[in-house]
Amino acid sequence: MEASRIVRTSCRGCHGVCQVLVHLDGDGRPVKITGDRQSPTSRGYICPKGAAAIETARHPDRLLYPLRRTGPRGSGRYARIGWEEALSLLAATFDTVRRESGPQYIALCQGTGRPYTEFTGRFIHALGSPHFVSPGHNCFLPRVISSAITMGFLPVADIYGQGGASPQGVLVFGCNTPETGAADGMCGAMVKRALDAAATVIVADPRRTRTARAANLHLQLRPGSECALVLAMLHVILGEGLYDAAFVRDWCVGFEELAAHVAPFSPDWAAPVTRVPAAAIRQAARAFARAKPACLLWGNGIDTSVNAFQTGRALLLLIAVTGNLDVPGGMVQWVAPEGLRSKSPLDDHDVLGEQFLSPEQKARMIGAGRFPFVPGCHQPTFWEACRSGVPYRPRAVWLVGTNPMLTATRGDIVAQALRDHIEFTVVSDFFMTPAAELADLILPAAHWLEQDDVVNFHKLWCVLARRKVMQAGEARDDRAVMLELAHRLGLEAAFPWPDWQAYLAWLLEPSGMTFADFAARGIVLGKMRYRKYEGHGFHTPSGRVELVSSVMARAGRPPLPVYVEPPLSPVSSPQAAAAFPLILMTGCKTLPYFHSEGRQIASLARLRPRPLVAVHPGTLAGLGLADGDAVAVVTPHGRARFFAAADDGLAPDVVAADHGWWNPGAPGPEHGWKESCANLLFGHEHFDPDCGAEPLKCGLCRLEAETPGARRPQHGRRAPVEA
Ligand SMILES: Nc1nc2c(c(=O)[nH]1)N[C@H]1C(S)=C(S)[C@@H](COP(=O)(O)OP(=O)(O)OC[C@H]3O[C@@H](n4cnc5c(=O)[nH]c(N)nc54)[C@H](O)[C@@H]3O)O[C@H]1N2
Ligand SMILES: Nc1nc2c(c(=O)[nH]1)N[C@H]1C(S)=C(S)[C@@H](COP(=O)(O)OP(=O)(O)OC[C@H]3O[C@@H](n4cnc5c(=O)[nH]c(N)nc54)[C@H](O)[C@@H]3O)O[C@H]1N2
Ligand code: SF4
Ligand SMILES: [Mo]
């Protein structure tokens, strides 16, 4: 344990990059966490999730020991076992399945990107299975892949202004970064600072978020119509000659085709589609094109739609033609620090199985070929196969840090598969989730306060140190578990490091630093360089930004962005809309919670005690309802219970329901997960044809009054396990 009273480390309560100070008492126990004012990434900021980390890590309901099921599935009967027994059981089971049926009968399902992501894809692919299953089709990876094929890198807003220029124009499109920090590793508070400093802020969001209220222009579009809006902005910019002619001439291919393609998509065409007035679209396009430099903050609002991939491409083209690529204050390619072995989502993480899988092994993936740009195995297709056995049914599933009954669609299918069909389920988590309640083996995962780490998750301009400051029970770092298991399964070639510390040392080796040296420094910064394409071109087939995508064309997909109406909308399904007249958005993230996490943490639950659905006050009144009333959100697929939150920043026919709600204190095995589960409101019919994304933010619903007081959250303890 540290001699010092304060340990400088970095938080992992979300994808953010906040450096924080952990205060230890005289016995070396962490007692408080504060922001680190010296941090260049977060400058002292800390959010409630970060501040609640000790409460989370020390929570009495933490899983502390490996548990083996002793009663029927869902009975809650488990016995404590040692790690040796747990690892032997796991290795023996995976080995048996591998030999009897083939490695493809083993799957690893993870949640959002987490520290363990650097090993999960690697592990399952090294084992020979293509079944790396994640929510990536709905989150971030569509943008990573569309960026890769369009310009060869993921452009990120230069909000830290490393080149001395900060963004003058910011287009905030379908994200709420000040609250979420977003998926690409920014601190929300630093984003807010950059927004405050920018001359022009344009927000495209169906909700009037706090950022939208402070913006120069709020384009309150109809959910799901975003690609139409971007096409119309491109129409104005190209039609009025507001593009960067030199950049387009020297560094882009397909400009003439793009100009011809967007010619019909005028603001007058887009206005009825998007509900944004034509004049506002023109104003936004002109203001964005004239602001120099300008950047884009984009997020989950565009990922969760059947137009995710095309919208992502359209926004990338907007950035390229306005000359904002890799310029100071624009959309840059981060330069990671030199002298460290670094990781990036698509190579070392091996989400796509490029390093370890043969073409034959890839072809065995459930859903192979269904979507050309899906990252890994398509999550909904995977769970359907687990239930139906078509084309075949995996026998063993490892859920590492995911709560799929709450965060994937059709949790009922997931639950049925886990209860009745999968032969062996192992769950690694901090808490006894509804999925863990169906597991055969439960492994207690280490919290970030319990981890030493070299934090380089998104190959940022900085690498941060994380330091272990406590240990709860026998919780273990997921990556240490994967290393150990890999060795037991003969996968040393992919996992040559003897242990976790050796892996960290290997990452640092080229710099000459030990982990202790690195931890003392706390952060290592990259040296930013701009316009790197001038040296080597863009890493695309043509060496230029592909406005017309050769990769899309080869895949038989539209090489220029096209708008597709959401499948369940008042326009495309007037019949459904007659019965379900409201447009439903789900899962707009809120500051206190990370997806389904945090509901048992008292300090967070106080900030948002109940599952909410935001509704325009006029709409509520029309239904005879008031703010705070219990309501059911009903869709063609299901029903879920929320409390109405009046919000005059929404259109009268648009509602926004929370996702991820369960009730840890309610009795197992369900812990009330079916009551307020937004994801039971969707079916498995509609997907983005390119990346398999689901329209979670543009469905249809109606509201019905519920008997008041039917559900109150509880935060009690679960039943103790058999010792
Ligand atoms: N309706 C709707 N659904 C959505 C979304 C939406 O917008 N609308 N958003 C989607 C998005 S963007 C995402 S990324 C997914 C997220 O989906 P998930 O990642 O499944 O969601 P979480 O609830 O964050 O995490 C699940 C579990 O991981 C555990 N956990 C946290 N950290 C660790 C760790 O380091 N190790 C281990 N072993 N366990 C850990 C937590 O205790 C929790 O039980 O949800 C998606 N679901
Ligand atoms: N506090 C907290 N932070 C988080 C998370 C969390 O659960 N809690 N999750 C993390 C993860 S995994 C992710 S992916 C990121 C996501 O972070 P963000 O990208 O910020 O995503 P969301 O909050 O899902 O949605 C962003 C915005 O999109 C808008 N939106 C919805 N539908 C549409 C649409 O049709 N068009 C447009 N233009 N906008 C739309 C919503 O109103 C919302 O304001 O946050 C990460 N950070
Ligand atoms: S924003 Fe994320 S990284 Fe920063 S303190 Fe909060 S949870 Fe931690
Ligand atoms: Mo996400």
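Remember, it's 1-based here, ligands and their atoms both numbered in the order they're listed.
Comparing R62, H595, Q110 against atom 10 (C) of ligand 1, the shortest heavy-atom distance belongs to H595. Residue T180 holds the heavy atom nearest to atom 3 (N) of ligand 2 of all those in T177, D303, T180. Nearest to atom 15 (C) of ligand 1 by heavy atom, out of C677, A408, P135, A446, is P135.
A salt bridge does not link D453 with R12: none of the charged nitrogens is closer than 4.0 Å to a carboxylate oxygen. A salt bridge links R114 and E597; the closest N-O separation between the charged side-chain nitrogens and carboxylate oxygens is under 4.0 Å. Checked for salt-bridge contact, E450 and R62 meet the test: a charged N lies under 4.0 Å from a carboxylate O.
In this structure, R476 forms a cation-pi arrangement with W83, its terminal cationic atom sitting closer than 6.0 Å to the ring centre and no more than 45° off the ring axis.
If you number the atoms of ligand 1 from 1 as listed, the ones under 4.0 Å from a heavy atom of N300 come out as 7 (O), 9 (N), 12 (S). For ligand 1, the atoms sitting less than 4.0 Å from at least one non-hydrogen atom of G111 are 18 (P), 19 (O), 20 (O), numbered in the order shown with element in parentheses.
On a distance-only criterion, Y116 and ligand 1 share no N/O pair closer than 3.5 Å. Looking at ligand 2, you'll find an N or O of D205 within less than 3.5 Å of one of its N or O atoms. Ligand 1 has no nitrogen or oxygen under 3.5 angstrom from a nitrogen or oxygen of F682. Taking distance alone, with nitrogen or oxygen atoms compared against 3.5 Å, W298 stays at or beyond that limit from ligand 2. The shortest N or O to N or O distance between H659 and ligand 2 is not under 3.5 Å. At a 3.5 angstrom cut-off on N or O pairs, T112 counts as close to ligand 1. Residue N403 has at least one nitrogen or oxygen atom sitting less than 3.5 Å from a nitrogen or oxygen atom of ligand 1, judged on distance alone. Considering both main-chain and side-chain atoms, T590 comes within under 3.5 Å of ligand 2 through a nitrogen or oxygen pair. Where the criterion is an N or O separation shorter than 3.5 Å, residue side chain and backbone included, R222 fails it with respect to ligand 2.
Using a 4.0 Å heavy-atom cutoff, L229 is absent from the residues neighbouring ligand 2. A heavy-atom separation below 4.0 Å is not found between G181 and ligand 2. The shortest separation from a heavy atom of F594 to ligand 2 is under 4.0 Å, placing the residue in contact. Heavy atoms of T209 come nearer than 4.0 angstrom to ligand 2 in at least one pair. No heavy atom of C698 sits closer than 4.0 Å to any atom of ligand 2.
Contacts of Y593 with ligand 2, taken as heavy-atom pairs under 4.0 Å, involve the backbone alone. The part of K49 lying near ligand 2 is the side chain, judged by heavy-atom distances below 4.0 Å. Counting heavy atoms under 4.0 Å from ligand 2, residue K589 touches it through both backbone and side chain. Only the side chain of C139 comes within contact range of ligand 2, with a heavy atom under 4.0 Å; no backbone atom does. The side chain of M585, and not its backbone, has at least one atom closer than 4.0 Å to an atom of ligand 2 (non-hydrogen atoms only; side chain from C-beta on). The backbone and the side chain of T402 each have at least one atom closer than 4.0 Å to an atom of ligand 1 (non-hydrogen atoms only). When non-hydrogen atoms are compared, ligand 2 lies under 4.0 Å from the side chain of L221 (C-beta onward) but not from its backbone.
Aromatic ring centres of Y503 and F119 lie closer together than 6.0 Å. Ring centroids of F642 and W661 are separated by 6.0 Å or more, keeping the two rings apart. Ring centroid separation for the pair H137 and F687 does not come in under the 6.0 Å cut-off.
In terms of protein heavy-atom proximity, atom 23 (O) of ligand 1 is closest to S596 OG, 2.5 Å. Scanning the protein for heavy atoms near atom 1 (N) of ligand 1, the closest one is N679 OD1, 2.4 Å. The nearest heavy-atom contact from the protein to atom 33 (C) of ligand 1 is F430 CZ, 3.4 Å. For atom 46 (C) of ligand 1, the closest non-hydrogen atom on the protein side is T407 O, 3.4 Å. Of the protein's heavy atoms, T586 O, 3.3 Å lies nearest to atom 8 (N) of ligand 1. At the top of the distance list for atom 31 (C) of ligand 1, counting protein heavy atoms only, stands R114 NE, 3.3 Å. Annotation: atom 41 (C) of ligand 1 to nearest protein heavy atom, D429 OD1, 3.3 Å. Ranking the protein heavy atoms by distance from atom 39 (N) of ligand 1 puts G401 CA, 3.1 Å first.
The closest donor-acceptor contact from the side chain of H671 to the backbone of P664 lies under 3.5 Å. Between the side chain of T274 and the backbone N or O of L221 there is no donor-acceptor pair closer than 3.5 Å.
Distance OG1/T433 to CD/Q600: 10.0 Å, rounded to 0.5 Å.
Donor-acceptor pairing under 3.5 Å is lacking for the side chains of S572 and E565.
The aromatic rings of H447 and F430 sit tilted relative to each other, their planes meeting at an angle between 30° and 60°.
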